[in-house]
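First up is the structure itself, then whatever we jot down about it.
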There are 2 protein chains.
Amino acid sequence: MATVTLKDVAELAGVDVSTASRALSADKSSLVKRATRNRVLSAAEELGYRGNLQASALRRGRTATIGVIVADLSNPFIGPVLRGIANALGNRDLLPIMTETRDSSDELARICDKLLAQRVDGVITTAGRYRDRSLLKRVASEVPTVLAVRELPGSGIPAISHDDVAGGRLAAEHLLSLGHTRCAQLMGPEDIWSFEGRGQGFREAIAAAGATCIDITGAIRLPTVEAGLDLATELLDRSGRLPTAVFAHNDSMAIGAIGAFRERGLEVPADISVVGYNDVPLTDQLRPPLTTIRLPGYELGRLAAELVLTRIDGVESTAEKVVLAPELVVRQSTARPAADTVGHVDPN
Amino acid sequence: MATVTLKDVAELAGVDVSTASRALSADKSSLVKRATRNRVLSAAEELGYRGNLQASALRRGRTATIGVIVADLSNPFIGPVLRGIANALGNRDLLPIMTETRDSSDELARICDKLLAQRVDGVITTAGRYRDRSLLKRVASEVPTVLAVRELPGSGIPAISHDDVAGGRLAAEHLLSLGHTRCAQLMGPEDIWSFEGRGQGFREAIAAAGATCIDITGAIRLPTVEAGLDLATELLDRSGRLPTAVFAHNDSMAIGAIGAFRERGLEVPADISVVGYNDVPLTDQLRPPLTTIRLPGYELGRLAAELVLTRIDGVESTAEKVVLAPELVVRQSTARPAADTVGHVDPN
DNA sequence: CTGAAAGCGCTAACAA
DNA sequence: TTGTTAGCGCTTTCAG
């Protein structure tokens with residue numbers, strides 16, 4: 001099992017290693033006589049030669065790998081993004097090195113260190129929180145970096161993201177068009193662009209229509225079903241009139257909210273409408289099927305990968321920021337407010 | 001941004017590179033005088049030195065990376081597995097390189113090539129189908145390899161997997177205990193250990209109880225909601241009595257099946273019981289909440305990682321095969337068969 | 001078109 | 001305890 005090197009191939013083919021190297025390299029192979037190349041190729045074949053990318057990377061100063069950092073691999077929304085990235089990179093024969101931070105800044109720092117030590121040629125990260133700005137700026141100064149999904153305003157790092165402001169607005173306009181005039185939103189974790197944007201878009205659109213918007217913010221660490229349940233409970237326990245509609249900053253939270261409402265005897269959408277965000281798989285199978293905002297994850301991943309690639313190629317002039325449009329998916333968790341609910345409902 | 005090398009650090013500290021190397025290496029640093037080490041350390045700090053893993057790998061013959069191959073990143077069940085792997089590897093300062101095959105054998109072959117060219121120190125794969133056996137055997141002959149989730153009987157490659165036979169049996173026993181005597185199973189893709197095992201366990205347990213088991217196999221490529229819908233429709237369109245309970249080989253298929261049944265006016269579980277497999281997130285939020293089999297994904301990942309690690313360390317004597325026990329989670333998609341359904345039901 | 005030579009950045013004998 | 005030396009496997013001038 002002694003690993004076979006280029007030298008072995010060269011010897012078997014009766015040429016110098018430099019010639020063997022040329023013969024095997026995709027772009028330089030034209031510099032080698034047909035016959036010689038064939039001899040090298042068949043020698044390589046015969047020995048089962050497999051180039052050592054480490055050695056090649058060391059020599060060329062490029063590893064042909066891209067570090068990909070995500071916050072949460074379990075987030076069903078991330079699958080398509082990663083697939084988009086992998087596909088775009090695969091075409092160029094780069095290998096994505098995927099890592100997960102679980103949204104911890106310490107973990108992010110550790111991972112960045114590792115990735116830089118691995119000398120990845122570029123980094124794509126979906127895991128940046130505002131508080132990670134300086135860390136990521138440092139990374140970006142060392143290696144071509146692009147943000148995906150989450151922007152980092154003021155960082156100067158190019159980003160491919162969803163238009164979350166528009167997504168929030170979409171949710172608001174849908175509810176407004178159904179006749180809701182008193183809405184609440186269950187805010188995702190602070191410190192993260194995606195949720196900030198959704199919150200802002202929703203709030204502004206509601207306000208612009210002269211309706212009421214209640215923001216419920218809690219000590220949410222992750223936007224999970226439990227977080228949605230907690231925030232919804234907080235909403236229910238507030239004094240004052242209940243809203244007739246709720247915008248949860250993602251689908252998991254929406255599901256938690258629906259559970260909380262049901263516990264208190266409120267039916268969705270009869271008593272209260274709920275809108276989610278992301279359109280993750282199975283949301284259409286829920287009770288009731290969830291009205292939500294769909295995002296083009298695959299496309300986003302693909303664009304992010306293409307952006308790092310052009311940056312690696314040294315093109316700096318690329319657009320610094322791309323935002324993709326979200327889409328409203330109307331299902332059955334939203335409806336017109338019940339006539340008698342408008343204005344006065346008893347939470348108990 | 002000229003990248004700073006060990007030589008720079010050594011010069012600044014006024015020592016030889018070899019000394020600098022020793023001072024910075026975790027285990028060799030004791031060979032260096034306290035004072036010298038401190039000088040090196042602060043020089044490194046000052047210059048922002050970051051070791052080049054490529055170079056180090058080339059020299060030591062180890063890359064400190066492990067290739068991780070999964071079939072489908074979107075499968076919610078895989079998240080915990082990857083997390084278990086990442087955690088176990090992180091403790092040893094190895095970097096997992098995660099890749100996805102989308103269950104394509106060609107893609108698997110490409111990925112293995114890349115990983116081997118990267119000279120990963122080990123490989124963990126959850127993506128093997130029977131037809132990939134020889135490919136994976138070749139991989140295993142070049143680098144320590146372990147199978148996770150899916151076994152490859154006869155390959156001789158060590159595996160950490162779930163006891164899918166027991167899982168199938170669990171599903172069967174649950175249905176039998178409810179009084180079902182005519183059951184069907186919607187089989188997952190052929191050529192994959194996990195589904196084979198589930199099928200076998202279920203079939204045997206049903207048979208052992210003297211009940212009837214109908215296997216529905218289709219040209220399923222992936223075990224998706226659509227696949228479940230198709231197979232369930234096939235079941236409904238069969239001539240002969242319908243079963244009173246159905247075991248779908250994963251949760252997605254179970255959901256598809258429930259949809260198909262509902263379309264034909266059959267209520268779950270009143271008219272027909274359904275059991276899924278995996279207990280993926282949100283299955284408890286479905287209508288009805290799904291009875292399913294839960295698997296210890298995180299644990300499995302952790303064990304798989306530990307197994308490659310011991311193999312990398314040269315320990316060959318480790319158990320070649322570990323199977324983890326599944327657990328039945330009873331929710332509301334299963335019930336006793338309706339008295340009048342037992343024996344004669346009209347699909348329309 | 002091919003070979004000789006010089007490293008990429010690091011580590012590990014082996015000496016001193 | 002530290003320095004010297006010799007590469008790991010590959011690519012790329014530079015000559016020929």
Side-chain angles (χ1 to χ4, degrees), chain A residues 1-41 43-44 47-65 93 116-121 142, chain B residues 1-41 43-44 47-65 93 116-121 142:
Chain A
M1 237 198 72
T3 118
V4 11
T5 74
L6 193 56
K7 193 162 143 237
D8 302 323
V9 175
E11 270 165 13
L12 180 58
V15 296
D16 186 85
V17 291
S18 58
T19 303
S21 171
R22 282 186 280 254
L24 290 169
S25 120
D27 42 314
K28 300 258 165 88
S29 64
S30 55
L31 302 179
V32 154
K33 203 170 31 169
R34 192 62 150 271
T36 323
R37 173 164 23 142
N38 289 145
R39 246 184 312 135
V40 173
L41 257 34
L47 296 177
Y49 172 70
R50 168 171 288 132
N52 182 326
L53 289 181
Q54 308 289 318
S56 147
L58 181 56
R59 180 60 233 242
R60 322 172 56 163
R62 278 183 168 226
T63 55
T65 58
D93 233 57
L116 291 175
Q118 279 285 343
R119 295 295 193 275
V120 292
D121 293 337
E142 296 197 40
Chain B
M1 236 199 73
T3 117
V4 11
T5 74
L6 194 56
K7 196 165 143 234
D8 303 322
V9 174
E11 271 165 13
L12 180 59
V15 298
D16 186 84
V17 292
S18 60
T19 304
S21 172
R22 282 185 282 250
L24 291 168
S25 121
D27 42 313
K28 299 255 165 92
S29 64
S30 55
L31 302 180
V32 155
K33 208 178 13 174
R34 194 64 153 269
T36 326
R37 173 166 23 144
N38 287 144
R39 252 185 308 138
V40 173
L41 257 35
L47 297 176
Y49 171 71
R50 169 170 287 131
N52 183 327
L53 257 30
Q54 309 290 318
S56 150
L58 180 56
R59 180 58 235 242
R60 323 172 53 166
R62 278 183 167 225
T63 56
T65 58
D93 234 58
L116 291 174
Q118 279 286 345
R119 295 296 193 274
V120 291
D121 294 336
E142 296 197 38

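Within every chain, numbering begins at 1; the chains are lettered A, B, ... in the order of the sequence lines, protein sequences first and strands thereafter. Basis for what follows: all heavy atoms, side chains included, without hydrogens, waters or symmetry-related copies.
- A:N52 places a side-chain heavy atom less than 4.5 Å from the side chain of B:R119.
- Relative to the side chain of A:R22, the nucleotides C:dT11, C:dA13, C:dG3 differ in distance, and C:dG3 lies closest.
- For A:K28 and D:dT11, the shortest distance from a side-chain N or O to OP1 or OP2 is not below 4.0 Å.
- Contact detail for B:V9 and B:A43: the closest heavy-atom pair is O-CB, 3.8 Å.
- As rounded to whole Å, 11 Å separates atom C1' of C:dG9 from atom CG of B:L53.
- For the pair B:T65/B:L53, no side-chain contact is recorded, criterion being any heavy-atom separation below 4.5 Å from C-beta on.
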Check residues 28-37 of chain B and write down every donor-acceptor pair under 3.5 Å in which the side-chain atom is one partner and the other belongs to a residue at least two apart or another chain.
from  : atom 1 : to    : atom 2 : distance (Å)
B:S29 : OG     : B:A26 : O      : 3.3

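- Look at NZ on B:K33: it is 10 Å from P on D:dG3, rounded to the nearest Å.
- A:D16 CG to A:E11 CD: the interatomic distance, rounded to the nearest 0.5 Å, is 10.0 Å.
- The nearest whole Å value for the distance from the OH atom in B:Y49 to the P atom in C:dG9 is 10 Å.
- Nucleic acid contact class of A:S25 (heavy atoms, under 4.0 Å, all strands): none.
- Of the options B:V4, B:L41, B:L12, a side-chain contact (heavy atoms from CB on, under 4.5 Å) to B:Y49 is made by B:V4 and by none of the others.
- In this structure, B:Q54 and A:A57 approach most closely via the heavy-atom pair OE1-CB, 3.6 Å.
- Rounding to whole angstrom units, CZ of residue B:R39 and P of D:dT1 are separated by 14 Å.
- Between A:K7 atom NZ and C:dA5 atom P there is a gap of 15 Å when expressed in whole angstrom units.
- Of all heavy-atom pairs spanning A:K7 and A:V17, the tightest one is CA-CG1, 3.6 Å.
- Residue contacts shown for B:G51 are limited to sugar-phosphate atoms, with no base heavy atom under 4.0 Å away.
- In this structure, the helix from C:dC1-D:dG16 to C:dA16-D:dT1 shows an angle of 40° between the axis at its start and the axis at its end, each fitted on 5 base pairs and rounded to 10°.
- Contacts of A:S21 with the nucleic acid, taken as non-hydrogen atoms under 4.0 Å apart, include base atoms.
- For B:L24 and C:dA12, the CG to C1' distance is 16 Å, given to the nearest whole Å.
- A:D121 and A:R62 make their closest contact through OD1-CA, 3.5 Å (heavy atoms, listed as atom of the first residue, atom of the second, distance).
- For A:Q54 and C:dT11, the CD to P distance is 13 Å, given to the nearest whole Å.
- Rounded to whole Å, the distance from CG on B:D27 to C1' on C:dT11 is 11 Å.
- Here the side chain of B:L6 is nearest to one of C:dG3, C:dC10, D:dT2, namely C:dC10.
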Show the distances under 3.5 angstrom between N or O atoms of the protein and N or O atoms of nucleotides 5-8 of chain D.
from  : atom 1 : to    : atom 2 : distance (Å)
D:dG7 : N2     : B:R59 : NH1    : 3.1
D:dC8 : O2     : B:R59 : N      : 3.4

